[in-house]
Amino acid sequence: MLRNRITLCLVAASLNFAMGASPSFAQSAQEKTQKNNNTYKEADIEKLTVYGLGFESEGILALSEGEVDTLMATTADELFRSIPNVEALQGPGRQFFDFNLRGSEGAGSVIVTVDGAEKNLVTTKHGTTFNPVFLVPEFMKSVSIIRGPVSNTFGTGSTGGRVQLETVDPFDYVTAADAFGGEVRVNGESNGDGRLFTGIVAGSVSDNVGILAAFSDRSFESYDDGDGNEVLNSGSDSENYLTKVQWDVSENLQVEGGVSKSNIEYLGSNIFARSNERQDADFFNEVEDTGANISIDYKPSSETQYFANAFISKTDHEETLLEGRRGANGEPGELDTREVETKGGQAYASKRFIMNDIIFDVTAGVSGSTDELSFVGGSDVGGKRSNYGAFAHSRIQFTENFNLVPGIRFERYAIDTDIGTNNDGSEWLPKLTANFSVLPGVSFYATYAKGLRTPTLNQLLLGNTQETSRRGVTTITTTLPNEDLGPQFSDTYDVGIRFNRKQDTKSHLYGSIGVFKNESTERIEQVVLESETVGDTTTLVRQNQNVGESQVRGVEASLEYTYASTFIGATYARSIGERLDTGEDLNSVRPDRGTLYIGWAGFDDTLTLRAELEVLGSKDEVGENQNVTGDDSEAAQVMNLFGAYQINEKLVLRARINNITDEAYRRFDQIDNSIGRNARLEMAFAF
């Protein structure tokens with residue numbers, strides 16, 4: 001099977017990879033160890049398709065296809081949990097995740113796209129609007145994680161960054177000499193009786209037109225935690241479809257279009273699995289997620305590129321109350337629905353030119369998206385939100401060892417709610433990166449970037465009154481609208497050093513060590529204007545206002561050393577966050593986390609073994625929004641093992657045991673305990 005190299009890119013700036021054909025399963029284990037099993041790898045600047053959108057000088061690191069296969073991830077949490085300062089926070093049904101990048105989370109903080117289509121479903125957790133996302137790891141060809149507002153030059157503004165997922169293409173599997181191909185994966189796991197089947201089929205209609213169809217069926221029962229206790233409603237079922245057409249019009253022009261659809265069902269609350277334990281209630285959830293996109297990529301020369309894409313995505317979420325809730329409002333059969341439709345796209349042009357021996361790679365373009373949201377039930381509000389703007393940036397190479405990457409984006413937003421509350425505004429968002437190399441394979445970088453997070457419809461809104469009852473206490477809350485609510489701003493600074501040194505043909509050291517600081521101003525906070533308690537009834541009047549200031553400081557490190565067929569590596573992240581106006585810790589900042597791993601390949605390059613140790617820090621939640629059972633987490637150490645055996649060039653077996661000591665632990669800000677010991681077996685067949 002010929003398949004493009006799957007690369008999971010962790011970047012501090014915007015990027016877009018051109019994928020080159022990779023070897024088949026018959027590739028030697030030693031080569032896989034050095035090329036694929038490496039957790040982090042400095043990306044080759046020649047792999048960048050767009051001169052102006054992604055730059056080596058802005059810190060590109062890669063997680064290879066072999067590492068994705070090694071992780072055998074069935075959830076976003078498993079796929080990202082070893083990457084410093086990147087968290088995929090588990091939501092309901094083990095399948096939905098909200099991303100946290102460097103302590104920034106929630107709707108508008110982190111933009112998530114699949115094949116360029118934004119996924120902007122919103123819901124409410126602890127009174128905070130956030131963005132749950134479902135993904136199918138088996139469909140992914142590349143994943144770009146862009147930490148910080150430097151990502152604003154790529155698209156809609158955000159304070160935390162972007163997660164950009166790209167799915168497989170037809171010509172990842174077929175060539176002119178091999179007009180039909182694909183792969184089948186069958187996966188089973190012991191904890192929760194998980195079953196997974198994925199089939200991908202591709203064919204070439206002609207030498208330059210390819211089509212692809214993919215299907216994945218995923219079924220998980222409730223799992224047990226490390227103490228052997230069932231985590232109620234932690235299972236889910238989903239069917240996922242992907243179709244694509246790729247037309248290489250010429251050597252310089254490519255047109256691609258695709259349609260994806262996922263149907264997900266699970267029991268639990270809108271946010272947490274263990275809703276029936278907390279409220280004596282069961283909720284049945286149905287989610288339908290669809291998307292369509294088309295892109296045109298034209299490269300008339302090696303120094304010029306034009307690109308444009310358009311997309312539409314839609315997510316329908318329906319939650320049905322099956323049983324009455326203890327001490328709370330709601331009757332069985334009650335529906336709560338959310339629907340969001342997002343349309344948008346971007347277009348840009350890139351050009352390289354030389355002036356007085358200085359190389360300029362310049363990109364300029366426009367991008368934008370519009371969300372139309374509608375709600376039935378709950379406390380949300382519908383309406384329309386638009387973000388759009390223009391950007392320009394350039395890499396200026398003064399010498400081989402020194403370059404600058406200045407950039408700027410003009411961002412404009414407009415919000416119109418169904419209840420007549422409106423808001424709009426605009427802002428200039430600059431960035432600047434400097435990169436300097438003094439030794440071969442060693443470079444220093446420094447970056448500044450400004451970002452914004454526009455208000456959500458939920459924050460702008462509400463102008464309503466709600467009455468809730470729990471444990472014999474009634475709370476009447478009136479939320480006042482605020483048409484003057486403005487965006488939240490962030491200023492981020494990054495400084496660090498990167499390594500990519502080859503001592504000889506056998507040894508290789510690469511990775512990075514860096515520090516960052518993110519300063520947020522005009523934070524959108526909910527302010528209580530009035531509070532009165534009479535007997536068992538409390539009356540509150542509140543409003544969202546731009547009143548908060550905060551700061552997050554952190555260190556991120558990832559290093560790996562390979563020698564022949566052996567590799568050893570480690571990652572580490574530590575962040576500290578506080579509100580400057582109150583001195584209170586930020587709950588959005590996650591505890592310390594580190595990973596140590598070691599691996600080896602041998603026996604005629606057919607066997608690969610790897611051992612991992614994950615170290616999770618502890619943290620106490622502060623403030624008034626704690627869950628009923630608390631969100632505090634204790635330190636934990638989780639050990640994992642992995643092995644793969646190459647039977648022949650088409651067939652490979654993989655096995656993984658996560659949490660082999662059956663550690664009982666709960667991640668910070670999670671109401672449910674994490675999964676206990678879980679053995680997983682996979683067979684992958686390429687044709």
Side-chain angles (χ1 to χ4, degrees), residues 1-8 19-38 63-74 79 136-142 166-189 194-205 207 209-218 240-244 246 565 599-610 641-657 679-687:
M1 177 191 72
L2 290 176
R3 178 177 176 180
N4 282 13
R5 176 176 175 267
I6 300 177
T7 306
L8 174 63
M19 312 305 295
S22 71
S24 68
F25 278 139
Q27 181 184 35
S28 73
Q30 177 174 335
E31 189 175 4
K32 275 181 172 289
T33 299
Q34 295 177 341
K35 286 188 175 181
N36 290 339
N37 285 339
N38 299 329
L63 182 66
S64 67
E65 174 185 6
E67 181 68 14
V68 174
D69 289 339
T70 298
L71 292 171
M72 294 178 64
T74 59
L79 190 61
V136 184
E138 296 76 26
F139 287 174
M140 296 303 136
K141 179 172 72 173
S142 68
E166 300 293 329
T167 59
V168 292
D169 295 319
F171 287 124
D172 296 341
Y173 297 91
V174 298
T175 65
D178 187 6
F180 180 78
E183 69 173 319
V184 173
R185 295 194 182 201
V186 180
N187 187 314
E189 60 182 59
R195 299 180 302 277
L196 188 152
F197 170 84
T198 300
I200 301 175
V201 178
S204 57
V205 178
D207 289 347
V209 177
I211 58 175
L212 177 144
F215 169 76
S216 180
D217 182 81
R218 307 157 68 86
N240 313 278
Y241 307 87
L242 172 68
T243 59
K244 269 193 171 182
Q246 186 175 340
S565 296
W600 171 83
F603 290 101
D604 296 325
D605 298 335
T606 60
L607 179 66
T608 301
L609 300 174
R610 170 167 161 155
L641 293 177
F642 168 80
Y645 180 62
Q646 189 78 48
I647 297 177
N648 55 48
E649 66 176 14
K650 294 182 179 294
L651 183 63
V652 62
L653 294 179
R654 302 185 184 96
R656 168 173 276 272
I657 304 177
R680 189 172 292 157
L681 181 66
E682 178 181 84
M683 180 187 71
F685 177 72
F687 58 89

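Given the structure is predicted, the values throughout are model-derived calculations rather than measurements.
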Drop me the distance from [X]'s [atom1] to [Y]'s [atom2], to the nearest 0.5 angstrom.
X: Gln646; Y: Thr608; atom1: CD; atom2: OG1; answer: 8.5 Å
X: Met72; Y: Ile657; atom1: CE; atom2: CD1; answer: 10.5 Å
X: Arg680; Y: Thr74; atom1: CZ; atom2: OG1; answer: 4.0 Å
X: Leu71; Y: Arg656; atom1: CG; atom2: CZ; answer: 5.5 Å
X: Phe685; Y: Leu653; atom1: CZ; atom2: CG; answer: 12.5 Å
X: Gln246; Y: Ile211; atom1: CD; atom2: CD1; answer: 12.0 Å

Less than 4.5 Å apart, side chain to side chain, heavy atoms only: is that true for [X] and [Y]?
X: Val184; Y: Phe197; result: yes
X: Leu196; Y: Glu138; result: yes
X: Arg195; Y: Asn187; result: no

Apply side-chain contact (heavy atoms from CB on, under 4.5 Å) to the pair Leu641 and Arg610, showing each step before the final yes or no. CA-CA 6 Å; Leu641 293 177; Arg610 170 167 161 155; over 6 Å; no

Given side-chain contact (heavy atoms from CB on, under 4.5 Å), test Leu242 with Leu212 step by step and report yes or no. CA-CA 8 Å; Leu242 172 68; Leu212 177 144; 4.1 Å; yes

Measure across [X] and [Y] and return the closest heavy-atom pair with its distance rounded to 0.1 Å.
X: Ala214; Y: Phe139; value: CB-CE2, 3.6 Å
X: Ala655; Y: Leu681; value: CB-CD1, 4.1 Å
X: Val174; Y: Gly181; value: CG1-N, 3.5 Å
X: Phe171; Y: Gly210; value: CZ-N, 3.6 Å
X: Phe215; Y: Tyr241; value: CD1-CE2, 3.4 Å

Can you tell me which residue among Val168, Thr198, Ile200 is in a side chain to side chain contact (heavy atoms under 4.5 Å, CB included) with Glu183?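 The residue from Val168, Thr198, Ile200 that satisfies side chain to side chain contact (heavy atoms under 4.5 Å, CB included) with Glu183 turns out to be Ile200.
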
Does the pair Glu166/Lys141 count as a salt bridge with the N-to-O cut at 4.0 Å?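 Here Glu166 does not pair with Lys141 in a salt bridge, since their nearest N and O are not under 4.0 Å apart.
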
Decide side-chain contact (heavy atoms from CB on, under 4.5 Å) for Tyr173 and Val201; before the verdict, give the C-alpha distance in whole Å, the side-chain angles of both, and the deciding distance to 0.1 Å. CA-CA 8 Å; Tyr173 297 91; Val201 178; over 6 Å; no

